[in-house]
Every structure is written in C-alpha cells, then in structure tokens.
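All remarks here apply to the structure that follows.
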Amino acid sequence: MPAQRGTPAPRPSEPAADSAPGRAAADGAEEKPVRFGALGTSSFGWRRVLPAIALCPGTELVAVAGRSPERAQRFADRFGCAASATEALLERDDIDAVYISLPPSLHGEWAARALHAGKHVLVEKPIATTAAEARAVVALAEDRDLVLRENFMFLHHPQHDAVAALIAEGRLGGLRSFRGAFCFPPLPAQDIRYVPGLGGGALLDAGVYPLRAAVMLLGPGLRVAGATTRVRHSDGLDLSGQALLMSPSGVLAHVEFGFEHTYGSSYSLWGERAKLTVDRAFTPPAGHQPVLELVEQDHAEQFTLPAADQLDRSLAGFAAAVAAGGAAASPHEARWRQEAVATMDLVDQVRARAVPVAVEG
Ligand SMILES: NC(=O)c1ccc[n+]([C@@H]2O[C@H](COP(=O)([O-])OP(=O)(O)OC[C@H]3O[C@@H](n4cnc5c(N)ncnc54)[C@H](OP(=O)(O)O)[C@@H]3O)[C@@H](O)[C@H]2O)c1
C-alpha cells in the first residue's frame with residue numbers, strides 16, 4: 001500500500017493545558033493547584049487517576065474517602081494525603097473539587113451532593129445512568145456556576161483534533177457513515193460491571209465510548225434507529241451490543257460495545273472521497289504514537305501523530321476550567337455538559353430500542 005507520512009494541523013478544542021494552574025501563569029507567578037478530594041477507593045483511582053492527580057502540576061490530592069476507613073487510610077498513606085469519611089469529605093474547606101470513582105449508579109447522586117456542597121466535580125464516566133439524571137446534575141452545576149466534567153479521557157487526546165482537521169479540509173468529502181467500537185475481554189465475576197443495581201452492563205461501561213465519539217464527531221441531534229444486545233440469561237445484564245444511529249444531516253452510524261471479546265478500540269469515518277480509521281481510539285497509552293490511516297480510491301496516507309497523555313490532559317483541562325471561573329456561562333463548559341447529556345440520551349434510546357438475545361454468561 002502506498003503510504004505517506006505527515007501531521008495534519010490540530011484543531012484547538014481545549015483551553016491550552018499550559019494555562020492550567022501550576023504550569024505557567026501569565027504574570028510568572030505560580031497559580032495554586034486545584035485541591036481534590038477523591039470519593040471512592042476504587043481500583044481505577046488507585047492505579048491511574050490518583051497518581052496522576054498527585055503528579056499533575058495543576059492538581060493536588062488533599063483527601064480520600066471510601067466506605068472502609070482502613071482502605072481509605074491505605075490510599076492516604078500511599079498518596080500522602082488525609083483519609084476521610086465520605087460525608088465529611090464534602091464538608092472540608094481545603095477541597096475545591098471532588099473526583100468521583102464510585103459505581104455508575106452512584107455517580108449522579110454524589111455529583112449532586114458535591115455540587116450542593118460548593119465543589120467542582122470530575123466524575124467518572126458515565127455521568128449518570130439515565131438522561132434525566134444527567135440533565136438534573138448538569139442543571140445543578142449551571143445553577144451553582146461550578147465545573148462539572150466526566151472523566152472521558154479520550155476526548156482530550158489531540159488525535160481527534162487531527163481527525164476534525166482532516167474532515168474540515170475536505171479530505172473525506174461528504175461524510176456518509178461512522179463506525180465505532182469498544183470491546184474487551186470478560187472481567188472477574190465479582191466486578192461492579194456485572195452488578196445491575198450498581199449501573200453494570202456493557203452499554204454503560206463500554207457503549208458510552210463510541211456513542212460519545214459519535215456525538216463528538218457528528219454533532220447534536222443523533223437518533224437511535226435500532227439496537228441489539230446479548231443479555232445474561234439469569235438477570236438480563238447486557239454483555240455486549242450494537243446500535244444503528246443517524247444524524248440530522250443523514251450521516252449513518254454503527255456502534256459496537258461489549259465485554260466478551262478480544263480487545264478492540266477504534267472508529268472510522270467514511271466519506272465520498274476517503275475513509276479515515278483511528279485505531280486505539282479510546283485508550284491509547286501515554287507513550288503511544290497514534291497512526292491515522294486515510295484511504296482514497298487509489299491512494300493511502302498514514303499520519304503518525306505525537307504521543308499524548310490523555311489522563312494528564314483531562315486533569316489539566318479540568319484545572320484550567322476551574323481556574324478560569326464562570327463555568328455556567330462558558331461556551332466551552334456548556335459543550336461538555338451538553339455532550340454528556342446527549343450521550344445519555346442515546347444510552348436511553350439504545351435501552352428502549354434494543355432487541356435482547358439471552359445468552360449464558
Ligand atoms: N475513565 C476510564 O477510563 C475508566 C476506567 C475504569 C473505570 N472507570 C470508572 O471508575 C469507576 C470505578 O471503577 P473500578 O473498575 O475502579 O471499580 P472498583 O475498583 O470496583 O471501585 C468501585 C468503588 O466503588 C465503591 N463501591 C462499590 N460498591 C459500592 C456500593 N454499593 N456503595 C458505595 N460504594 C461502593 C468501592 O468501594 P470499596 O473500596 O469500599 O469496595 C470502590 O471504591 C467506575 O465508575 C468506572 O466506570 C473509568
């Protein structure tokens with residue numbers, strides 16, 4: 001296959017990470033980092049997010065709270081911060097923001113509690129388990145003029161800016177379809193993702209990724225035309241699924257998700273002139289150099305992009321939004337909120353339209 005290499009110009013989509021607190025303040029003085037309290041002694045917090053909060057120049061970890069005091073203390077010892085009870089965490093006046101990594105069924109409720117306590121919120125995906133719950137918490141953030149973001153890290157990777165730039169340059173011609181997939185192998189049987197009452201299921205855990213990518217790339221107004229899911233015979237928990245969508249301008253979309261597959265994390269956009277494929281679209285490691293592949297009728301190009309740490313960028317972007325203030329009126333923050341609600345609207349539609357196939361699982 002003929003191949004060329006190059007780097008399309010990135011589309012700026014996030015306030016510059018270097019404007020985040022702790023990086024480089026305009027007057028040369030160091031701005032204060034955003035002080036986080038972590039709600040949930042989760043595996044993901046332990047492995048990924050809390051070490052990153054502790055390392056990111058714009059953020060600082062002040063306290064950790066969980067159901068178990070011993071577990072919270074273990075986190076506190078590792079990260080050199082305070083251990084706290086959950087309710088007490090929200091009352092601390094040395095915390096500006098709360099990072100929530102509880103099971104999805106608790107995201108909306110605890111985000112609302114944190115906002116009521118006057119804290120900015122970075123909540124793990126999904127923001128809630130229904131669109132109504134997402135709307136309520138978004139309205140509360142607007143009312144309180146506080147930053148509310150989901151920790152959808154992939155949105156912060158500049159590879160998607162490069163995709164947007166190629167679309168804007170007309171390299172794909174008129175867009176006809178989008179395909180996105182996020183699937184991975186089964187998890188340990190006791191994992192929260194297998195507990196329906198905790199917001200388990202593949203749609204809420206994995207399906208939200210390609211749905212959010214469709215919202216990011218195709219814009220508002222997407223509707224779900226149909227869906228199928230493989231559900232666990234014993235309790236109806238969705239293990240995997242597919243959905244067909246359409247945009248107001250007639251772009252068609254197909255999303256696939258599940259946790260009963262080999263690993264796959266990709267999307268493609270197919271236009272009248274070319275097809276563009278992004279592999280490792282949702283979870284590229286920090287050192288990974290993305291390769292976008294653009295295939296035309298008789299020509300193919302590969303764009304090798306610089307590696308980027310999407311978790312660090314997510315935290316720096318959040319910290320910059322807190323430092324900027326005025327979250328309620330900020331068009332940038334409004335877009336975060338609107339896209340979170342739009343994604344949950346699609347989740348609701350997939351649930352409503354899905355034709356289930358019961359399987360042993
Ligand atoms: N953004 C990403 O890429 C990404 C990746 C992975 C996970 N996540 C998100 O991170 C969150 C945690 O996932 P995980 O894999 O780390 O799960 P996990 O290790 O099982 O953590 C779940 C947390 O919720 C707590 N919890 C469990 N059941 C509870 C209940 N009934 N009431 C109150 N608290 C309860 C646990 O408390 P104990 O410690 O007391 O048991 C633990 O702190 C999920 O929302 C998930 O979607 C995001």
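Atoms within each ligand, like the ligands themselves, are counted from 1 in listed order. Given the structure is predicted, the values throughout are model-derived calculations rather than measurements. Any value given below was found using the heavy atoms of this structure, including those in side chains, with hydrogens, waters and symmetry copies removed. Starting from 1, each residue takes its place in the sequence as its number.
Side-chain contact between Leu204 and Phe257 is absent, with no heavy atoms from C-beta onward closer than 4.5 Å. Annotation: side chain of Arg171 is in contact with side chain of Glu296 (closest heavy-atom distance under 4.5 Å).
Ranked by closest heavy atom to atom 14 (P) of ligand 1, the top entry among Met153, Gln190, Arg193 is Arg193. For atom 23 (C) of ligand 1, the candidate residues are Ser101, Gly200, Gly40, Ala206; the nearest heavy-atom contact is made by Ser101. If you check each of Leu102, Leu106, Val123 against atom 33 (C) of ligand 1, the one with the closest non-hydrogen atom is Leu106.
The shortest N/O to N/O separation between Asp191 and ligand 1 does not fall below 3.5 Å.
Counting only distance, with no hydrogens or angles, the side chain of Arg337 and the backbone of Ala328 share a donor-acceptor pair below 3.5 Å.
Between Phe282 and Phe154, the angle of the ring planes goes over 60°, which puts this pair in the perpendicular group of the 30/60° scheme.
By the 6.0 Å and 45° rule, Arg179 does not stack over the aromatic ring of Trp270. Because its NZ or CZ atom is not both nearer than 6.0 Å to the ring centre of Trp46 and within 45° of the ring axis, Arg71 does not count as a cation-pi partner of that residue.
Atom 25 (C) of ligand 1 has as its closest protein heavy atom Pro103 CD, 3.7 Å. Protein heavy atom nearest atom 18 (P) of ligand 1, with residue, atom name and distance: Ser43 N, 3.9 Å. Atom 36 (C) of ligand 1 has as its closest protein heavy atom Arg67 NH2, 4.0 Å. Summary of contacts: the protein heavy atom closest to atom 43 (O) of ligand 1 is Thr41 N, 2.9 Å.
Ligand-side atoms of ligand 1 in range of His107: 45 (O), range being under 4.0 angstrom from any heavy atom. Listed by number with element, the atoms of ligand 1 under 4.0 angstrom from any heavy atom of Asn151 are 1 (N). Distances below 4.0 Å separate heavy atoms of Tyr209 from the following atoms of ligand 1: 1 (N), 2 (C), 3 (O). Atoms of ligand 1 lying under 4.0 Å from any heavy atom of Leu198, numbered from 1 in the order shown and given with element: 28 (N), 31 (N).
The pair Arg232-Asp235 meets the salt-bridge criterion, with a side-chain N (NZ, NE, NH1 or NH2) lying under 4.0 Å from an Asp/Glu carboxylate O.
In Arg78, the CZ atom is crowded: over 12 heavy atoms of neighbouring residues, nucleotides or ligands sit closer than 6.0 Å. At most 12 heavy atoms of other shown residues, nucleotides or ligands fall within 6.0 angstrom of atom CD in Gln297.
In Thr283, neither the side chain nor the backbone holds a heavy atom less than 4.0 Å from any atom of ligand 1. If you look at Ile192 next to ligand 1, the close heavy atoms, those under 4.0 Å, all belong to the side chain.
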